[in-house]
Peer 1: 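My questions all concern the structure below.
Atoms within each ligand, like the ligands themselves, are counted from 1 in listed order. One-based numbering along the sequence shown. Computed from a predicted model, the values in this text were never measured in an experiment.
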Amino acid sequence: MPEHSRRNVLKSGGAAAAAVMAPLPDGPRPVTAPHQVRQAAQPKAVTDLTLEVNGERHRLEGVEARVTLLDALRERAGLTGAKKGCDRGECGACTVLADGRRIKACLTLAVMQDGRSITTVEGLARGERLHPVQEAFIRRDAFQCGICTPGQIMSAVACIEEGHTGSEDEIREWMSGNLCRCSCYPNIVDAVADAAKAVR
Ligand code: FES
Ligand code: FES
């Protein structure tokens, strides 16, 4: 059993220090894990952009390049109609129209929509008069909690415009990107079919 004398401790400490300071032998170098690397402070990429939403121009200043259209709408333009369900393109709660085509606002960057015409659920009604799709959703009781409803309605508007409402199966197929956790699908399909007849 070695004696833990001051002399021994100093000797072993000195040996360890010598090992640390010794030059690395040739061969593979130790790998430093990413979390151990101190990142140099990177300047954030920010830009100013103009979103045209529901016919109104919204000038957004100092928007980081990584900001999604959904976050820009909800947090910068104050339009909270488009909902954040999954935030990764799976549920469709964030569906809006860009130049008339439906897109998932959580999957596109705000800077990519600069200058395009965006329509959200807030832009459908004309004053007190609801859009036929909105009326049909109410008449058919096509929602429960309502979290998916703005996305369902925007998708239905485009689905009708695209002409994909020839049958119940066709509506189900072309509305399949919009999920409803409350399982209101039969009522949603009925509402879309009703609205398609109303706008013809
Ligand atoms: S929040 Fe965008 S698809 Fe779910
Ligand atoms: S009404 Fe609740 S998720 Fe569709």
Peer 1: Does Arg66 CZ have over 12 foreign heavy atoms under 6.0 Å away?
Peer 2: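 Atom CZ in Arg66 is not crowded, with 12 or fewer foreign heavy atoms closer than 6.0 Å.
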
Peer 1: Cut-off 3.5 Å, side chains only: do Asp114 and Thr50 have a donor facing an acceptor?
Peer 2: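 No, Thr50 and Asp114 have no side-chain donor paired with an acceptor closer than 3.5 Å.
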
Peer 1: Closer than 4.0 angstrom, basic N to acidic O: yes or no for Asp71 and Arg74?
Peer 2: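 No, Asp71 and Arg74 are not salt-bridged.
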
Peer 1: Quick one: salt bridge (Lys or Arg N to Asp or Glu O under 4.0 Å) pairs with a partner in residues 148-160, sequence neighbours left out?
Peer 2: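 Pairs touching residues 148-160 that pass the test: none.
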
Peer 1: When you check the side-chain N and O atoms of Gln113 and Thr108, is any donor under 3.5 Å from an acceptor?
Peer 2: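 Per modelled atom types, Gln113 and Thr108 side chains form a pair under 3.5 Å.
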
Peer 1: Tell me, yes or no, whether the heavy-atom count around Glu170 atom CD, taken from other residues, nucleotides or ligands under 6.0 Å, exceeds 12.
Peer 2: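 Result for CD/Glu170: enclosed.
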
Peer 1: Please list, in chain and residue-number order, the protein N/O/S atoms closer than 2.8 Å to atom 2 (Fe) of ligand 1.
Peer 2: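 Metal shell, protein only: Cys94 SG, Cys106 SG.
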
Peer 1: Tally of protein N/O/S atoms under 2.8 Å from atom 4 (Fe) of ligand 2?
Peer 2: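 Step by step: take atom 4 (Fe) of ligand 2, keep protein N, O, S below 2.8 Å, and you get 2.
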
Peer 1: Between the side chains of Arg102 and Ser155, is a donor N or O closer than 3.5 angstrom to an acceptor N or O?
Peer 2: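 The answer is yes; a qualifying pair exists.
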
Peer 1: Give every donor-acceptor pair under 3.5 Å between a side-chain atom in residues 125-137 and any protein atom, sequence neighbours left out.
Peer 2:
| from | atom 1 | to | atom 2 | distance (Å) |
| --- | --- | --- | --- | --- |
| Arg126 | NH1 | Gly123 | O | 3.2 |
| His131 | ND1 | Val133 | N | 3.0 |
| Gln134 | OE1 | His131 | N | 2.9 |

Peer 1: Just checking Arg57: does its CZ atom have more than 12 heavy atoms from other residues, nucleotides or ligands closer to it than 6.0 angstrom?
Peer 2: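 At most 12 heavy atoms, drawn from other residues, nucleotides or ligands, come within 6.0 Å of this atom.
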
